[in-house]
Structures are given as structure tokens and as C-alpha cells.
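FYI, side chains are in, hydrogens and waters are out, and symmetry mates aren't considered; it's all heavy atoms of this structure. Keep in mind it's a predicted model, so treat the numbers as computed, not measured.
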Amino acid sequence: MTFNRSNLCWLALAVITAGYLLFWAFLLGATATYSTPDSWLKVLMSPEIRHATWLSLVTCSLAAGFALLLAVPVGYLMSRREFRGKSWLDAALDIPIILPPLVVGLCLLIFFQTRIGKLIELAIPFTYQLSGVVLAQFVVAAAFAIRTMRGTFQHLSARPEDVALTLGCTRFQALWHVALPAARRGMVAAFCIAWARSLGEFGPILVFAGATRMKTEVLPTTVWLELSVGNLEAAVAVSLFMVALAVLVLVAVRATGEKV
């Protein structure tokens, strides 16, 4: 009797999982069958869409690179060091994840209206500029990269680093020569996750950098611009292109062996 009940439980869980996946299959299937591949190709080859695509690839790569540079030291600190207030710092690092995207963009916009923000913009202008797109993507993507790198270092044994310290290495040398080579798969995963998160960023970019065609327009804002003028076919084509890019990134993350 117990065995049968256990099987029934697993069957129910499998049905729930299959139902959720089927729901997403219907959503993507309905979107994919809305138009024809020829019309998608025509849309994607337009100068505006090509510029937005190129801009997305460049800004996402820059944002993910900066996010990884931040995530490695912060993730290492959070995984290897115990200190007072660590739980509060851990919660603070997750703030970009839980904040509504539009609020993130509004916070950026207001900050650069302050005296400090205006001084920064004297050197590098951000508001409604291409650099603002990268910054808006970085602010959110960095939180996901930090989570990934922290999990990576936590799963790595600290013993090789301790041995390196006893042999005369400094903590930085142990990090550079021991921890980082062992964490290379996690670094690839963190970069890919940050890249994918940057690709889907919309709210902060719209508020802080705007959606000016051939200037600050990236793929998510392209979907919004096309929908705003009633061009649903173009919005669908760009959306499916973004889905394809997201799937490629997911495959790359899975190839590293990291779980996300």
C-alpha cells in the first residue's frame, strides 16, 4: 500500500511538472506560429532591428564582463569570510533582484541628478546615453553573478587555499593561483547568467537610458516600440530571436556543469 501511494505521489508531481512545461510550450508555440519565417527574416534584417541587435550584443557583453569582475571578489568574500553583519550584507546584495525594474531605473535617474551624480557625468555621461544602457544592465545583472560566484566558491573546498597559505602565499595569491582556476566553470556560468539577465532588461533601460532608435534602442525596448505602434509581427519576430539567444545561453551554462 505504501509503495502504491508513493508512486501516486510521484505521478502527481510529474503531472504538475508536465502541465507547467506544456503551458510554456503552448505559449511559445502560439507565438512561433503567429507569422511566417520569411516575414521574421524581413523584420530582423531591417536597419533598426540590426542596430538594436548589435547594440544588445555589445552592451550585454560589457555589462556581464563588469558584473563578473565585481562578482568574483564579492562572492569570494561572502563564501570564505565570517564577520559581523554578514547576513545583512548578504540581504543588501540581493536588493537589485527584489526591486521592481522600473524602481531601479528611477533610482539611477534620480542619483545622476544629485551633485555627486552630476560630477560623475562630467567625466562619463550616463543619462539617456549608451553608457547608461550598460550601467542599467550591470546594476541588476551583477546581483545574479554574485549569487552564482558565491555558490561556486562555497562548493569548492578551502583546503587547497589553506595549504597554499601555509606554503607562503598571500591570500590574494591563493585566490589568483588556486581558487580562480578551480572556479573557471562557475565564472563562465556567472558571465552567461549575467549576460542573459542583461539581455532581458527593460524597465531600468527605458527609464534611465530611454529608447531612442539607432542610439539607445536594444532588443527589449525594440519589442516595446513595435508594440506601441501596433506592429505585432515585428515584436513577435524580435521576441522569438531573444528566446533563441536565451536558449543558447542556457545551453552554455549547462555545458559548464553549473546549476542555476
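When the shell of 6.0 Å around CZ of F112 is examined, it contains more than 12 heavy atoms from other residues, nucleotides or ligands. Sparse packing is recorded around NZ of K118, with 12 or fewer heavy atoms of other residues, nucleotides or ligands lying under 6.0 Å away. Counted within 6.0 Å of CZ on F83, heavy atoms from surrounding residues, nucleotides or ligands total more than 12; the atom is thus considered enclosed. Remark: H155 NE2 is loosely packed, at most 12 non-hydrogen atoms of other residues, nucleotides or ligands lying under 6.0 Å away. Counting non-hydrogen atoms of other residues, nucleotides and ligands closer than 6.0 Å to CG of L21 gives a total above 12.
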Worked check of side chain to side chain contact (heavy atoms under 4.5 Å, CB included) between Q129 and I124: CA-CA 10 Å; Q129 300 294 327; I124 305 175; over 6 Å; no
Derivation and outcome, side chain to side chain contact (heavy atoms under 4.5 Å, CB included), residues M78 and D90: CA-CA 8 Å; M78 297 300 293; D90 189 29; 3.7 Å; yes
Audit row: Q137, C60, side chain to side chain contact (heavy atoms under 4.5 Å, CB included) steps and yes/no: CA-CA 7 Å; Q137 292 171 333; C60 289; 3.9 Å; yes
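L108 has its side chain within reach of V139: a pair of non-hydrogen atoms, C-beta onward, lies under 4.5 Å apart. Using a 4.5 Å heavy-atom cutoff, the side chains of V223 and F202 are not in contact. Counting only heavy atoms from C-beta outward, the side chains of E233 and E226 never approach each other to under 4.5 Å. Side-chain contact between L41 and P37 is absent, with no heavy-atom pair separated by less than 4.5 Å. Residues L199 and V218 are not in side-chain contact: their nearest non-hydrogen atoms beyond the backbone lie 4.5 Å or more apart. Side-chain atoms of E161 and L175, non-hydrogen and from C-beta on, never get closer than 4.5 Å to each other. With contacts defined as side-chain heavy-atom distances shorter than 4.5 Å, the pair Y76/R171 qualifies. V74 is not listed as a side-chain neighbour of L77, based on a closest heavy-atom distance of 4.5 Å or more.
Atom-to-atom distance recorded for L156:CG and R185:CZ is 11.5 Å, nearest 0.5 angstrom. To the nearest 0.5 Å, atoms CD (E201) and OG1 (T59) are separated by 11.0 Å. In this structure, SG in C192 is found 15.5 Å from CZ in R197, a value given to the nearest 0.5 Å. Considering CZ of F144 and CD1 of I97, their distance stands at 4.5 Å, rounded to 0.5 Å. Atoms OG1 and CG, from T212 and L130 in turn, are 11.0 Å apart once rounded to the nearest 0.5 Å. The structure places OG1 of T31 at 6.0 Å from CG of L240, a figure rounded to the nearest 0.5 Å.
The pair K215-E48 does not meet the salt-bridge criterion, since no charged nitrogen lies less than 4.0 angstrom from a carboxylate oxygen.
Smallest separation of non-hydrogen atoms from V243 and L28: CG2-CD2, 4.3 Å.
F111 meets the side-chain contact (heavy atoms from CB on, under 4.5 Å) test with T114, I116, I120; sequence neighbours excluded. Under the salt bridge (Lys or Arg N to Asp or Glu O under 4.0 Å) criterion, R50 pairs with no residue at all, not counting sequence neighbours.
A donor-acceptor contact closer than 3.5 angstrom links the side chains of T222 and E217. In summary, the side chains of T127 and E121 do present a donor paired with an acceptor at a separation below 3.5 Å, with no hydrogens or angles considered.
For S198 (side chain) and A63 (main-chain N/O), no donor-acceptor pair under 3.5 Å exists by modelled atom type. A donor-acceptor contact shorter than 3.5 Å is absent between the side chain of T216 and the backbone of V133. Although no hydrogens or angles enter the test, the distance criterion places no donor-acceptor pair under 3.5 Å between the side chain of R150 and the main chain of R147.
Y128 has its ring centre no less than 6.0 Å from the ring centre of F208.
Between W24 and Y20, the ring planes lie perpendicular to each other; the angle is over 60°, past the 30° to 60° tilted range.
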